Every structure is written in C-alpha cells, then in structure tokens.
Student: 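Sharing a structure here in structure tokens format.
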Number of protein chains: 2
Amino acid sequence: MRERPKIKDIAERAGVSVATVSRALSDSALVTAETRQRILDLARELNYRPNVSARSLRTRRSMSVLLVVRDVGNPFYLDILKGVEATAREAGYSVLMGNTESDPARETEYFNMLRDGHADGMILMTGKLPPAGGWSHLPVVVALEMIEGAGLPHVQVDNIGAAREAVEHLISIGHRRIAHISGPLPELMSLHRREGYREAMRNAGLDVPESYEVRGNYLLESGQECCRKLFTLPEPPTALFVANDEMAYGAAYELRRMGHDVPGDVSVVGFDDLYLSKAFYPPLTTVSQPRAEIGHVAMELLLKILSGAEIDCDEPIILPTVLHIRGSTAPPRQ
Amino acid sequence: MRERPKIKDIAERAGVSVATVSRALSDSALVTAETRQRILDLARELNYRPNVSARSLRTRRSMSVLLVVRDVGNPFYLDILKGVEATAREAGYSVLMGNTESDPARETEYFNMLRDGHADGMILMTGKLPPAGGWSHLPVVVALEMIEGAGLPHVQVDNIGAAREAVEHLISIGHRRIAHISGPLPELMSLHRREGYREAMRNAGLDVPESYEVRGNYLLESGQECCRKLFTLPEPPTALFVANDEMAYGAAYELRRMGHDVPGDVSVVGFDDLYLSKAFYPPLTTVSQPRAEIGHVAMELLLKILSGAEIDCDEPIILPTVLHIRGSTAPPRQ
DNA sequence: ATGAAAGCGCTAACAC
DNA sequence: GTGTTAGCGCTTTCAT
C-alpha cells in the first residue's frame, strides 16, 4: 500500500472515479447506497484520511478557529478553552490556541492567520485590537474583555454589577473601611470592577480615600505588594475587595505574614473563583464567572458568523455571575 | 485590489513570473537583489500573506506540531506549553493543543492528525499510545510521562529519585508513620513516585502497612477523599507524601476540616510545585519540576527529528528536580 | 448515478 | 537569473 492512501487509491480499487469517491465520503446523495458502502469499506480498510491542506485549499475553509489570550499561563482561561473546544469539536472545528503576551506584533500575527487561511474565525480574549487597523467585518468574537467601538460581537459578564455585589456583601456584614486592589488601568475590565466597588461604597454613603484604591496587575506577587501598601496606612482597611483571585491569594498570604488573621482581622473577597479557591485557606469568598459557558456561547456565536448569519454587535451578550460566600469574609472585630 | 492577493498578483505587477516571486519570497539566492526588493516592496504594499494550505499541500509540511495532554484544564501543563511554544515559534512552527480527556478515541484522533497532514510532529504527554498500534517511526516525543517499549524518545524527570528525596526529608525530621496518596495505577508515573516512597521507607527500615498507600486520581477532591480514609485508620500517619500538589491541597484542606493542624499535627509534601503552592497556607513543601525546560527540550528534540536526524530512543533525557521545603512540613509532635 | 476535467495557490523541476 | 510547467490531493462544475 502507498504511504498515505489518497482518493485516487480508493477510486482505483473500487473501480470508480475520484469524483464518486469524494461524493461517497462526503455523504452526497448522488451515490448509490451500494457504491457508497463499498467505498466506505475500502476507505476504512486502507485507513484513509483526507489531506487537510488539499481540502482547505479547495474549499477555502480551514475548519479551525483561533482562541487568542494574553497569557496561556493563566489557569483562568482553561475552563473557557474547554467550553470553546467542546462546542467547536461538535461542529467539526479544531481550536488553535494563541498566546500574545501582550506583544502587539503577536497580536497582529494572529489576525494575519485569519487572512492566510490558517483559521476561519477567532475568539479574542486580549481586550485589544492590533494597532494596524482594518479588522472590521472579520469573523471575530470578543469574549471576557471588551473592545469599545470595534463593531465586534461581545460575550462577557457584568463586571460592574458583580463587583458591586461583592462589595455590598462586605458592607452588609458590617465593614466600613473597605479597600480595593484593582487590575491594570486603564483596561476596561479593571475599570469596571473598580467602578462596581465605587458604586457600592457610594450607595452606602461610604468614603473611599484615594489611598484605598491600589493598582495591581492580576498576578499573585502584585496582590502581596498592594496589600503591604494598604497596611502601612495610618488607618488600614478591615476588608479588601481584590480584582481577581490570584491577587487575593497573594493578599491573604501577605496578611498572614504580617500577622493578621483572615477573616478575623481582615476580610478578603476575590473575583474569578479559580478552582483552587475553595481549597484555599481560608476558603475564598469570590465572584464566580461561568467560564465554560462563556467559551461555549462565544464559540456558538462564532459558528453563526461563519455560517454567514448577520450578528447584532451593538448589544453584548451578558452572562450571569454568582457571589460565593466562603470563609475569607466575616464581620469586622468590634 | 483582489480579495486576497496571491503570488500571481504580485508577479503581474512586478512584471515577473510567479516562480521568481516565490523565490524572492523564500529568500532564494537565485534572484537579483534588485528584483527581490521590488517584489518584497510590492508584497508589503499589497499586504500579501502566503496561503498556508497551498504551501502545505505542495511542500507536504504543515509547519505545526501537536501538543497532546490529558487535560488542558490542569494548570500544570501551562508552563510546559510555554516552553514548547517559545521553542516552536523560533523555528517557525505553530503549536496545536490537543486534549484527550483520557478518551481513547480522541487519543487516536490526534495521532491521525499526523497522518492527515494537520501536524508534522507531536509531543505526547498523556502517557499512553492509542490502542490501534502502528505508531512507531512517527515523529513523536514523549514528555513528562513514560511509555515503555514504544521506541519513542523521552523527556522526563527522575520520579523515583525525586519522590525518594521528598520522603527522606520527612524521615529526616523525625516522621515514622508516613502515608502515601498515589496517582492512578498502574500508570508508570504514579508507580514511580510510589516506588520512590517505598524505597525511602525501606532504606530507613520503616514499615509500610498496606493501608498507608491510598490511590487517588490527581484531582483535588481525590486528595480530600484519600485523606479521610487515612485518618479513620486506628493508627493514622503523622505525615503524607502526596503524588501531586493538587491532591496535596485537597488533603491539607481536609485535614483542617477534620481539626488537624498542618504541619502541627500532620506534615504534607506535594509534587509539582504549582505556582500557587508558595501562597498556599501553609506554604507547601513540594518537588519542583523544570516545566518550561521540559517543554523546551522536548520541542528541541522534536525539531531534530523533523529535520531528519537520527535520535537515540533508548536513553531518556532526564531533567533535574528540586525539593522546596516550605511550611507544610515540621517534626512530628512528641 | 457516474466520469472527465478544471483549478484552489503554491513550489520545484526543468528549460533557457 | 528568470520563465514555463507540472503537479500536491481535493472538490465541484459540466457532461453524459
């Protein structure tokens, strides 16, 4: 047998033309059941697999989509990837993972992969469009993050509302001096979570001294660092609303190092509900995003676009969050 | 301008043949510097990108490799992926992530992707070959896990030695009743880590009652569950050597739930050094694997194979581990 | 229902 | 150094 059987090999053995084989393989109605069966059997016997390059070249579809994140090293993206992958597989698409590390060159590169036929569409989770421009009308869905004025469809959560709810919880159990460790600014997601914090404080008639808002970068070490800053203040907070779980881990760790009990002395609330947060000590109170669902919905949307449907890009799709109240929050000491 | 410029478009404008354009674009020496420059300028101006399908079809190389893991949801793989990706990019390869979920059908499918031209080579981290067989001589590198008798090159760590060292640490600080929560059996990696545990115990003249070896599945909940089993024994252990960090988190969590202090009452050692382990409470004593380096070395090896070099498959490449002693281990109570 | 043939965009012989 | 040409393996008209 040849190295890799091709349609021609099957055709010769079956005594039919390549066209017929192609039709049989793609379940066309234009083949008699009997011929089709013979061809299918032969294909199985030869262990035939269609060459993807040839097929893509001809059909002009790669049957794969690009999932672009800013850091594959972040476990947060994993469940989203799973959601995307499951949905993609079902529709016969494979998923290519793209990692930008916030490098504009790489951001552009992944967009170029849409043009060179590497992928048919893209789910973008970097919150940025590449600098060059000219990326409208492309089959791109923005998930998780937001890109304003891009005219692209969005799948996200209500970051403002979710943050507000988290801070309201702290207020409801008696906290007044609540500080916020934010993500990098002026990114929209960070801004929104901070806005939710501010709204909750304002609604409760609570002051937010400028020193109570510290800017982090979503990484664990940054949580530690921001926490240290807050606890050198003359009047340190009794509770922290931290913009993601990873920094919340860092903050809780640093608090313990400084001799503060969590939640005895200081309450901590995170955002994301990483899968370790429930095993963390103390189990972290945090906002849970429907990550797999975000991936699923984003992929569904992309499939729709790829099938030629018109999509309304004005209204983002908003998925619900849940505040999980665990052991890291408690009423302040009297 | 055409929808997507192709070589022909450039050729027409440059007043040369497609062959010349192709040569100029691939930096062939058979073009005058002047012609090349003209073509390059034109290509840039038209924003030309070669069609990957056409190129792959012709060259019979996809310039991408497959990285197959059993669970993309496991953060453990992320650093490996980063190592693989960086090395692959440099050589002009893209990386496709494959996720098997331990499903034999999917395991086979990824191997098939090598045959249908989707990828040129594969880094396999599932520890299994698909059932069908016939996968020798394929450009495959096994990383992290081991597959015996497959005739494939391996990149891994010395699991036996690393486990032994971890348990020796527990023994050296005075523990005698040391239990082991293993990974799924009879997988080679689990077996090796257990073997290291047994060796350390044997060398110290310590008994391992059968009930002190509990089988887990590397997931957090499994760590909890195994821990519960161990602490219903008439003589529970004073220390645990757990086959990975995730189960160690679960075990530590469960110990606290049951009212045991870590490390006051029970010491816990993990394996993997996930990035959260240092912020865990108490900071986890654990074996660190050079994950990015594993990815890097595996990809280098794969590149060598793809370039046609002969590889010695008899001797695995062994990378060093480091035992990080942190707060989760302490001498037993007197 | 089946076959012949064109061609997707590119590269690599082979000519000159 | 450049052009001509023949495919890579597949799908899809257009005939029959």
Side-chain angles (χ1 to χ4, degrees), chain A residues 1-40 42-43 46-64 92 112-118 120, chain B residues 1-40 42-43 46-64 92 112-118 120:
Chain A
M1 194 182 75
R2 295 179 48 80
E3 262 288 14
R4 298 188 183 184
K6 39 189 184 184
I7 279 195
K8 202 175 158 204
D9 298 316
I10 301 184
E12 280 168 6
R13 280 168 217 241
V16 296
S17 75
V18 291
T20 305
V21 175
S22 175
R23 288 189 190 107
L25 257 26
S26 60
D27 254 355
S28 156
L30 297 166
V31 201
T32 42
E34 189 243 351
T35 327
R36 187 211 314 295
Q37 196 51 55
R38 193 151 41 94
I39 290 170
L40 256 37
L42 222 35
L46 294 180
N47 201 1
Y48 169 79
R49 298 217 93 211
N51 177 309
V52 287
S53 301
R55 174 175 286 177
S56 296
L57 179 57
R58 180 65 228 232
T59 61
R60 303 159 147 266
R61 319 193 72 195
S62 64
M63 293 309 281
S64 62
N112 277 330
M113 287 176 71
L114 289 185
R115 307 202 320 120
D116 65 24
H118 230 118
D120 298 334
Chain B
M1 194 182 74
R2 294 179 48 79
E3 261 287 15
R4 295 188 183 184
K6 38 189 184 181
I7 280 195
K8 202 173 160 206
D9 298 317
I10 301 184
E12 279 168 6
R13 280 169 216 239
V16 296
S17 74
V18 290
T20 305
V21 175
S22 175
R23 288 188 190 107
L25 257 25
S26 60
D27 254 355
S28 154
L30 297 167
V31 201
T32 40
E34 189 243 351
T35 331
R36 183 204 324 292
Q37 196 51 56
R38 195 153 38 95
I39 289 170
L40 257 37
L42 221 35
L46 294 181
N47 202 0
Y48 169 78
R49 296 218 94 209
N51 177 309
V52 286
S53 302
R55 173 176 285 174
S56 295
L57 178 58
R58 181 63 230 230
T59 61
R60 311 167 133 253
R61 320 192 71 196
S62 65
M63 293 309 281
S64 61
N112 278 331
M113 288 176 71
L114 289 184
R115 307 201 319 119
D116 66 24
H118 230 117
D120 298 334

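This is a predicted model, so every value here is computed, not measured. Each chain gets a letter, A, B and so on, in the order the sequences are listed, and its residues count up from 1. Because only heavy atoms are used, hydrogens play no part in the values below, and waters and symmetry mates are left out as well, while side chains stay in.
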Student: Could you give the NZ-to-P distance, from Lys8(A) to dT11(D), as a whole number of Å?
Tutor: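 Between P of dT11(D) and NZ of Lys8(A): 16 Å.
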
Student: Counting distance alone, no hydrogens or angles: does the base of dG9(C) have a donor or acceptor under 3.5 Å from a partner atom on the side chain of Arg60(A)?
Tutor: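 A donor-acceptor contact between them is absent.
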
Student: Do Arg4(B) and dG9(C) share a donor-acceptor pair, side chain to base, under 3.5 Å?
Tutor: no

Student: Does Ser53(B) reach a base, just sugar-phosphate, or nothing at all? Heavy atoms under 4.0 Å.
Tutor: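 It contacts nothing in the nucleic acid.
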
Student: Closer to the 5' end of DNA chain D via nearest nucleotide, is it Val16(B) or Arg58(B)?
Tutor: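 Checking each residue's closest nucleotide, the 5'-ward one belongs to Val16(B).
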
Student: Figure out the CZ/C1' separation between Arg38(A) and dA1(C), and round it to whole Å.
Tutor: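 It works out to 12 Å between those atoms.
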
Student: Rounding to a whole Å, what distance do you find between Leu57(A):CG and dT12(D):P?
Tutor: 12 Å

Student: Under 4.0 Å between a side-chain N or O of Tyr48(B) and OP1 or OP2 of dC10(C)?
Tutor: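 Checking dC10(C) against Tyr48(B), a side-chain N or O does come within under 4.0 Å of OP1 or OP2.
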
Student: Starting at CE of Met63(B) and ending at C1' of dT11(C), how long is that distance when rounded to a whole Å?
Tutor: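 My rounded result for the distance is 15 Å.
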
Student: Hey, is the side chain of Ser17(B) poking within less than 4.0 Å of OP1 or OP2 on dT2(D), counting only N and O atoms?
Tutor: no

Student: May I ask you to say what Thr35(B) touches in the nucleic acid, namely base, sugar-phosphate or nothing, with a heavy-atom cut-off under 4.0 Å?
Tutor: sugar-phosphate

Student: Checking all strands, does Thr32(B) fall into the base, sugar-phosphate, or nothing category for heavy-atom contacts under 4.0 angstrom?
Tutor: sugar-phosphate

